[in-house]
Amino acid sequence: MLRLARLVLLLLPLLVLGQSSYDDRDQLVLAPPQSAAHGPRPSKSIAIVGAGSAGLAILKTLLDLPSDVREGWEIVLYDQRRDVGGLWLPDPPGQPLPRPPELPESPVYPLLHTNTPHPTMTYPHFTYPPLTPLFASHEYVQRYHYDYAAHYGLLPYVRLFHKVAAANWLGNAHGGKWDVEVHELNKEDPRGPPASTFRRSFDHLVVANGHNHYPHIPTWNGSEGWLANTPAGTPKREILHSIYYRWPQKYTNRTVVIVGAGASGRDAALQVGQVARVAYQSLTPRNEPTPGANVVPKPRIAYFTNTSVVFEDGTALDDVDSIILGTGYEFRIPFLSSPQSSVLDVDPHTPYNSTTAPTLISNLRYIFPLHRHIFSLAPRIPPTALSFVGLPVLVANCPSDIAQSLLIAHAIANASVLPSREEMLSELVAREAAVRKEGFDPYEIGHRLLASSETDHDYQDALVEYLKEVGALPQDGRKFVEPWRRETRGQSKLIGRAWNRVVKLGRENEWLEGVETEDQWAELMIRLARWQRSYEEEHGIPEEGFISYE
Ligand SMILES: Cc1cc2nc3c(=O)[nH]c(=O)nc-3n(C[C@H](O)[C@H](O)[C@H](O)COP(=O)(O)OP(=O)(O)OC[C@H]3O[C@@H](n4cnc5c(N)ncnc54)[C@H](O)[C@@H]3O)c2cc1C
Ligand SMILES: *[C@@H]1O[C@H](CO)[C@@H](O)[C@H](O)[C@H]1NC(C)=O
Ligand SMILES: *[C@@H]1O[C@H](CO)[C@@H](O)[C@H](O)[C@H]1NC(C)=O
Ligand SMILES: *[C@@H]1O[C@H](CO)[C@@H](O)[C@H](O)[C@H]1NC(C)=O
Ligand SMILES: *[C@@H]1O[C@H](CO)[C@@H](O)[C@H](O)[C@H]1NC(C)=O
Ligand SMILES: *[C@@H]1O[C@H](CO)[C@@H](O)[C@H](O)[C@H]1NC(C)=O
């Protein structure tokens, strides 16, 4: 009975909409497209959300399609922020850091450097400028994205200060339109009321909104009481997610617990460990304390009392001032979710799986059902109408984004490039089974490419090989992933230790001199790895601390 009721509810919008509403695009276009207002109607319209690594990748790849294929298409990229670059663009300078529950625009902090050498992070055949330090500070990465957009003529397609507020699919599994509500933000006060709002219809929606924006904040019993009971004469107690982390100096002479050992927890441990009175790092049994960080390892936090932080081994600390949560992020897409839209159901305890899901679902770690982490297999939406760029985690984003974008661009041009929905669903079920067979829960690891059956480079190669098999790309006998990327894979830490040694010796420019082409950057990394390996064979692996790069 319950199931039947649910089914009727699901079918209701289809019955009401029927055929007519999505066939008549003029009814849905409440504001004319800026570019095509007076010209002929576009033959296809595509909205991209996000101008970070992922959004720029799909924009460029669409523009790279042969001009006869994309003749008459209208492509618009919306980003709510003041420039391109996504999270690499810091919060506006000179403004106070927002306080919870308000979120900063970016998690970038002043001392952030890439944790992978920049040549491994590049879009194919577009290098960082000569003399860029190998582990570049975040400014270089934002600049790189801007340069890419400018170099390939992407900027005219980008609408900055435009926030996609809602996107609803009016149609069914075979056709329809997106009804997209856009807020044009007030440039002087982007957090205030929008300067204007409008609605547009689109045939295709490509979501590239990033997944480092909604902090995952665990809850512990007693934390409220602990926060409310700061002892007299000590700094006000706080529990803050790493998205709010900025300067380590804030923690001078404080007792700090850093939760987690991912990229954010690691950086906080290295930086805060330098200045804190004592810094503890709270870890799961699988984590290792950050090498070289001046921290005392602790197990997971169990609960709080009004006076103490109590850990799972029963030990308690009663002098903690600050807790930094390097606990990661949640996969959320507000403009596709309730109350703005019913496309994506967000439910950490969802009873559904990929075969039973009545809509797209995010359990906060995994968005499903998706074909190869890209195309929606939601029952009511055609797969090419809704796609995602940049969901995979633990990958170098830019090359991965391009591989995904190639498949999206070709599938938008010709939907027959994709297998049938049934075939894609059974491929997904097989993928989840393969991941499970390796001991991972696919609904837990989500888009983290951890399984050996789905490594980053193989995943990218498979996307492009598929396009060659179906004749969308020429058989050129080459892999998408360049041999040097495979060769340097997994060597970021080794190359990082080499670069630290170069920095300590003050010899950066000697190594960087004359390095300009993609091949020369690749060769530099390979030389550094060799240089460091032979050093470590003799001296052992150096204990790295916090390195203050210029
Ligand atoms: C602190 C930190 C350090 C990192 N360091 C590295 C590193 O060293 N090496 C590495 O390879 N990776 C690193 N990463 C991973 C990083 O996520 C990727 O490098 C990549 O840049 C992400 O790009 P993206 O385009 O997917 O998302 P984002 O960069 O987050 O871009 C998404 C864009 O979408 C926009 N947007 C979202 N919603 C809307 C909406 N409704 N309307 C309009 N616009 C919207 C946002 O404003 C944003 O500009 C790091 C991540 C973090 C958080
Ligand atoms: C939380 O703490 C309160 C008071 O100490 C206790 O009564 C309650 O059982 C605890 N809840 C959980 C889930 O541990
Ligand atoms: C904890 O502190 C709150 C006030 O912040 C107080 O109401 C409560 O009684 C305290 N609990 C204990 C066990 O002392
Ligand atoms: C550091 O903190 C302790 C305890 O809160 C305090 O007694 C001491 O004066 C502080 N030292 C400095 C240099 O601020
Ligand atoms: C679309 O793709 C299918 C399957 O790959 C192919 O057979 C067909 O020729 C393509 N159509 C066009 C117009 O390229
Ligand atoms: C999903 O759940 C259904 C019912 O619980 C089950 O029969 C099916 O095998 C599951 N599918 C996957 C892919 O786990």
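First listed ligand is number 1; within each ligand, the first listed atom is number 1. Note that the coordinates shown come from a computational prediction; the quantities given were computed from them, not determined experimentally.
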ask   = Which one of Tyr245, Tyr251, Trp247, Tyr109 satisfies the side chain to side chain donor-acceptor pair (under 3.5 Å) criterion with Gln271?
value = Tyr245
Considering only heavy atoms, does [X] approach ligand 1 within less than 4.0 Å through its side chain, its backbone, both, or neither?
X	answer
Phe335	side chain
Arg81	side chain
Ser264	neither
His162	backbone
Val108	neither

inquiry  = In terms of relative ring orientation, are Phe126 and His151 parallel, tilted or perpendicular, with 30° and 60° separating the classes?
reply    = tilted
inquiry  = Check for me whether Pro107 has a heavy atom closer than 4.0 Å to any atom of ligand 1.
reply    = yes
request  = May I ask whether His138 places a heavy atom under 4.0 Å from ligand 1?
outcome  = no
task = Tell me which part of Thr305 gets within contact of ligand 3: side chain, backbone, both or neither, using heavy atoms under 4.0 Å.
result = neither
Establish, yes or no, whether a centroid distance under 6.0 Å links the rings of [X] and [Y].
X	Y	answer
His211	Phe331	yes
Trp178	His204	no
Tyr148	Tyr152	yes

inquiry  = The criterion is ring-ring contact (aromatic ring centres under 6.0 Å, His included); which residues satisfy it with Tyr146, sequence neighbours excluded?
reply    = none
Checking side-chain polar atoms at under 3.5 Å, does [X] have a donor or acceptor matched by the opposite partner on [Y]?
X	Y	value
Glu238	Tyr244	no
Gln404	Tyr459	yes
Ser420	Glu423	yes

inquiry  = Give the residues near ligand 6 by chain and number, with the criterion being a heavy-atom distance under 4.0 Å.
reply    = Asn353, Thr355, Thr356, Val429, Glu432
Proximal ligand 3 atoms for Ala228, defined as those under 4.0 Å from one of its heavy atoms = 5 (O)
query = Is the closest N or O pair between Val49 and ligand 1 shorter than 3.5 Å?
reply = no
